[in-house]
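Per chain, numbering begins at 1; letters A, B, ... match sequence-line order. Because the structure is predicted, anything quoted here is derived from the model rather than measured.
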Amino acid sequence: KQEVTQIPAALSVPEGENLVLNCSFTDSAIYNLQWFRQDPGKGLTSLLLIQSSQREQTSGRLNASLDKSSGRSTLYIAASQPGDSATYLCAVHTGNQFYFGTGTSLTVIP
Amino acid sequence: DTAVSQTPKYLVTQMGNDKSIKCEQNLGHDTMYWYKQDSKKFLKIMFSYNNKELIINETVPNRFSPKSPDKAHLNLHINSLELGDSAVYFCASSSRGHLLNTEAFFGQGTRLTVV
């Protein structure tokens, strides 16, 4: 059964720093991996989708990479801002469902 | 226009009651899901429907009954609510087949509190 883990569970950084969030999964038979953001009390907002055949995707200050064979993905956030404070979730799609990671709670200190 | 919309956003009810949560998507997706987010914020699949057919029923008590009248709607009915049902329930949709590698969209969630 697919298991998805995110490290670290919580991260606090000063504004302007670059940071990396990690996601690992146990079964490499995935269709895609998606990174989401969740603000307190809110729904999930899609940030980036990486197809299984891709190595990375970029959107603005965000860059996500995927190494399917080793079961790892990273989300790189450049020049962090207080507005980036949220919980970041990665999810792998296996064809029938998404398996979610445990999330990384990010706080960017002004 | 909201891509995936759920109603209600908040639901407070007493133990033993029956309640429903509605979900609609206007993205033309053929697969819809219900996820439960527990107090530790972990998201777990409950049900998955593809073109109105049940694909996944992930060991959910039979007090929970999903209903999909068409591929744009997936409603969740819960009978005899228990305290442990308190959680945030998310509806989501995505495509399958050759469109599988497109984004999934989630609703804003329904916060259910059973008292």
Please tell me whether [X] and [Y] are part of a single hydrophobic cluster in this structure, the criterion being side-chain heavy atoms less than 4.5 Å apart.
X	Y	answer
B:Leu76	B:Phe105	no
B:Val60	B:Met32	yes
A:Tyr88	A:Tyr76	no
B:Leu11	B:Phe47	yes
B:Ile45	B:Phe42	no

Measuring heavy-atom distances to chain B, does A:Leu89 have an atom under 4.5 Å in its side chain, in its backbone, in both, or in neither?
-> side chain
Side chain, backbone, both or neither: which part of A:Gln34 has a heavy atom under 4.5 Å from chain B?
->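 Answer is side chain: those atoms of A:Gln34 sit under 4.5 Å from chain B.
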On the 0 to 90° scale, with breaks at 30° and 60°, tag the A:Phe98-B:Tyr35 ring pair as parallel, tilted or perpendicular.
->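 It falls in the tilted class, 30° to 60°.
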Using a 6.0 Å cut-off, check whether atom [atom1] of [X] has over 12 heavy atoms from anything other than its own residue.
X	atom1	value
A:Arg61	CZ	yes
A:Glu3	CD	no
B:Glu53	CD	no

What part of B:Gln37 lies closer than 4.5 angstrom to a heavy atom of chain A: side chain, backbone, both or neither?
-> side chain
B:Ala104 portion near chain A, given a 4.5 angstrom heavy-atom threshold |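 Answer is both: backbone and side chain atoms of B:Ala104 are under 4.5 Å from chain A.
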Work out which heavy atom in B:Tyr33 is nearest to a heavy atom in A:His93; give both atom names and the distance.
-> OH-NE2, 3.1 Å
Rounded distance [0.5 Å steps], [atom1] in [X] versus [atom2] in [Y]:
X	Y	atom1	atom2	answer
B:Leu43	A:Tyr99	CG	OH	14.0 Å
A:Lys42	B:Lys9	NZ	NZ	4.5 Å
B:Gln108	A:Leu44	CD	CG	9.0 Å

Verify side chain to side chain donor-acceptor pair (under 3.5 Å) between B:Glu103 and A:Ser46, making sure each step is shown before the conclusion.
-> CA-CA 7 Å; B:Glu103 284 180 292; A:Ser46 178; 2.6 Å; yes
Heavy-atom distance under 4.5 Å between the side chains of B:Phe90 and A:Gln38, does that happen here?
->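 They are in side-chain contact.
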